[in-house]
Structures are given as structure tokens and as C-alpha cells.
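Step one of this worksheet: look at the structure below.
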Amino acid sequence: MITQSRPFGQRYAFVVVAVIFLCLLIAAGLRSAPAVMMLPLENSFGWRRDVVSLAAATGIFLYGLTGPFAAALMERIGLRRTLLAALLLMSGSTALSLLMTKPWHLLLTWGVFSGVSSGAVATVLGATIVNRWFKTNRGLVMGLMSASSATGLLVFLPLLASLAQSGGWRPVVIAVSVATACLLPLVWLLVPERPASIGMVRYGAELDDVPPSPPAAQGNFLAHTMSTLRRAAGTRVFWYLFATFFVCGFTTNGLVGTHLIAFCGDMGIGEVQAAGLLSMMGIFDLIGTTLSGWLTDRFDPRKLLGVYYCIRGLSLIYLPYSGFSATSLIIFAVFYGLDWIATVPPTLRLSNEAFGDRSGPIVFGWIVAGHQVGAATAAFFGGTMRELQGNYELAFLIAGMTAIAAACISLLINTTRPAFDPEPQAA
């Protein structure tokens, strides 16, 4: 059991943020691992890139689809239980892949099991923590949480790429499995269920603050999750947010996160050097996403999204014609990296404005599912285009054009009126 007191007063919320940031970081490392395993698996088993891409795409798709159900499950059985179970499955399924010999083994371990488990340790987890533990500064904190994926690239990819280059895919699997297992005691000891569990209120709230009780805390969480989707799907703002986040996933971890290292390999750039490029992007995204959170607390999030998607689209269109020189790749890493996940804080704010604090996290979970559907589509699409055409050029150009379209859609979002009436709270 967690002790019913904690040091630091209201600032203990930042201890929780630190632990959850670490969980999100490790989950990002797990999701990025197939990118550095692609070539070693091709060399070890002779599996084509579209086969490995299918496993990666399945994992990304389930990673997103799990999100809204995980958000509701956190309210129904508890955040700690959900998170601990997810981390245990992440570590176990990754370790199990050491025994794989067939493509379907890869699909099951790195696709199905890791996708479902890492889906509970994703953006919706950050959104749930922000709503539970913070009354103020939500944009900034969500920016920090979102930046964990960038930091995951920064910390893990060079290490994993070095392991893959020197020892093949197995050391990569071991490193991810052990790192995930190490999170279990941290979550057990340091993450209370909610501020009230340790006699506190949300950061920035008055002592008499009573946060709204989410409707998913009572009844059938599956039914409530689907009911929330049905109600949200009847609104225009939901589909605008879903469409833009679909493009966000398509243009980030789906295409760039999965295929950039292989693309660089086609251009004669080694895995470690290519992973270093992603790490540089991670550094700039850490800066850009945190800054995006600060900006989201102060400016119109629709205009921010329009700027972010426009910069991303132009960066992707530029890459195939960059010549892949050191200078051109640095230019790409800076501009693309600054808004890799910068779209998350303004999208969360728009979701909360449209659907309220009670339903917002679950609706945001469905919007994140759109992100991962887009990412899964791009992961498979990129591998297929590479097999059909022998290069990635057209795949990156198409991704750039979709980002420009998303910039236009962002400006159409209107949250001045509630998207739907709030559900009555249980007595």
C-alpha cells in the first residue's frame, strides 16, 4: 500500500510527473525499437521490410486503439493497477520475442502484445495525470509529458542503434525489456492513485477544490468508452481533431520514426549516424514541445497547430531533395524536430475546451487513436512504397502534403461552444 502522506506539499505533483515522464520515455523507446531492428532482422532472418513494417504498424495501431479504453480503465480499476499491469506486459512480451523464429512471432510480440501494453503508457496517461494532479499550468506540464517521446529518442535510439550494429537485434530486445521492468518498483512506491489519496488537492487549486468525478469511475468502462465515442463522433470538432492527429501520426512516428533510419541506410548513412540524426531531432523536440506547452497556455491553439503542421509539411517535402549532406540533414533535424510532438498540448487544450474535463481525457484518447491509425498507416505504407519503388521519395512527399492539409483543417476548429452537454455526475 502507498503511505498516505508525501513530502513537498502540492509540489509532490511534480514527483508524479517525473515518474510518469520516465514511463512515457521508456514506452517511446520500446515503440522506436523496431526502427533499429529492421535491418538486423532482415539480415538475420531474411524478412523483407514490409513484413517487419507490418509488425511495427500493428503495434502502433493497437498502441493508439488501446488509449481510450486505458483512460476509462484507469478510472474504473485505478491508474496504478492499470499502469503496473501494462509495464509488466511490456517487459514480458519484449523478452518473449527473444525466442521468435517466424514472422508471426514478431507480429504477436512486437505487434499485438507490446502494442496493447504500451498503449496504456502513452499520451492518454499524460493527459490523465495532468487532469488529476493540476488545476493550473496544464499546457506547460502536458508539453513536458509529451516531450518524453522526444527524450526517448534522445536517450534510447543511439544506444539501441549501437547495440544493433554490434550485436544484432537480440541486445536491443534485452535492453528494452530490462529498462521496462525497472519501472515497476518506481510506480509502486512513488505514484499515488490521485492527490486525495495522500490528503492533497491538485496543484494550483484551493484547499476546498473537489475535482469532477469522471463518469467512467462507475459502471461498465467499456460501455462508457464507446458511449463517449458515439457522442463525440456526432460533433464536427471531433472529426477535425481526429483528422489532424491522424496526419500527425502519419508524419511522425509512423513514417519518420519507423523508416528514417532505413531511408538513411539507402543513402549510404550508417545506423548509428542515422540514429544520431533522430536524437538531434529529439533534442529540438524537447525544446519545441515544452515551448509549445507554454504557448498553448497563452495563445490560440488553432493557430499554433496551423503553424506546426505547415513547418512539418515543408520539412518533409524538403528532405528527399536535400542531398543528405551533413548540413542539409542538420537543417531538417532542427525544423522538423522543433514540432515533432509540439501538436499535443494545443490538441489536448482544444479537446478539453470542447468536451470538458470529465469527458475530455477519454475523447482525447480517441483522438490519439486517430494519431496511431495514421502512424500505423504510414509505417506499413512506407515499407510497401520502398518495396514497390525501391526508394522512399514519394512516401515522404505525400506525407508532407498531408501535413499542409492538416494546417488548413486546424484553422476550421471551433470550440467556443461545448461540443456536447456534460453527463450528470453520479450521486
Side-chain angles (χ1 to χ4, degrees), residues 57 60-72 119 122-124 127 131 142 146 215-216 222-255 292 296 300-310 312-313 339 341-379 381 398-423:
I60 292 170
F61 173 74
L62 292 175
Y63 172 86
L65 184 62
T66 301
F69 296 97
T123 308
V124 291
N131 282 6
M142 193 63 201
S146 303
L222 290 173
H224 174 70
T225 304
M226 298 306 299
S227 172
T228 302
L229 173 62
R230 284 194 298 271
R231 295 168 66 232
T235 68
R236 185 175 298 177
V237 64
F238 172 81
W239 290 110
Y240 285 158
L241 290 170
F242 188 94
T244 56
F245 235 38
F246 176 96
V247 173
C248 183
F250 192 94
T251 53
T252 54
N253 55 322
L255 184 66
S292 174
T296 298
D300 186 341
R302 299 172 303 166
K303 294 178 181 178
L304 293 177
L305 287 177
V307 172
Y308 296 158
Y309 283 118
C310 187
R312 184 181 302 176
D339 79 348
I341 310 292
T343 54
V344 174
T347 302
L348 176 63
R349 177 180 162 184
L350 289 169
S351 178
N352 282 338
E353 286 179 355
F355 303 102
D357 283 355
R358 297 179 67 224
S359 298
I362 295 178
V363 175
F364 183 65
W366 283 113
I367 293 169
V368 172
H371 182 283
Q372 298 311 117
V373 170
T377 301
F381 171 74
I398 290 173
M401 289 185 285
T402 63
I404 300 296
C408 298
I409 295 173
S410 299
L411 301 177
L412 301 176
I413 298 171
N414 181 5
T415 62
T416 54
R417 293 180 299 170
F420 54 55
D421 294 331
E423 297 180 12

Quick one: are Val344 and His371 in side-chain contact, heavy atoms under 4.5 Å?
-> no
Verify, without hydrogens or angle tests, whether Thr296 (side chain) and Ser292 (backbone) share a donor-acceptor contact under 3.5 angstrom.
-> yes
The reported gap from OG1 in Thr252 to CZ in Phe245 (rounded to nearest 0.5 angstrom) is 8.5 Å
Is any side-chain heavy atom of Cys408 less than 4.5 Å from a side-chain heavy atom of Tyr309?
-> no
Which atom of Ile404 lies closest to which atom of Cys310, heavy atoms considered | CD1-O, 3.8 Å
side-chain contact (heavy atoms from CB on, under 4.5 Å) partners of Phe246, counting only residues at least two apart = Phe250, Val373, Thr377
Could I get the full list of ring-ring contact (aromatic ring centres under 6.0 Å, His included) partners for Phe238, not counting sequence neighbours?
-> Phe242
Find out whether Tyr308 and Ser410 are in side-chain contact, i.e. whether some heavy atom of one side chain is under 4.5 Å from a heavy atom of the other.
-> no
Roughly how far, to the nearest 0.5 Å, is the OG1 atom of Thr235 from the CZ atom of Phe355?
-> 3.5 Å
If you measure from CG on Asn414 to CD on Glu353, what distance do you get to the nearest 0.5 Å?
-> 10.0 Å
Is there a side-chain contact between Ile398 and Phe381, using heavy atoms and a 4.5 Å cut-off?
-> yes
Could you tell me whether the side chain of Phe364 reaches within less than 4.5 Å of the side chain of Asn352, counting heavy atoms only?
-> no
Can you tell me which residue pairs pass the side-chain hydrogen bond (donor to acceptor under 3.5 Å, both in side chains) test with a partner in residues 236-251, sequence neighbours excluded?
-> Thr251-Arg312
Measure across Leu350 and Leu305 and return the closest heavy-atom pair with its distance rounded to 0.1 Å.
-> CD1-CD1, 3.7 Å
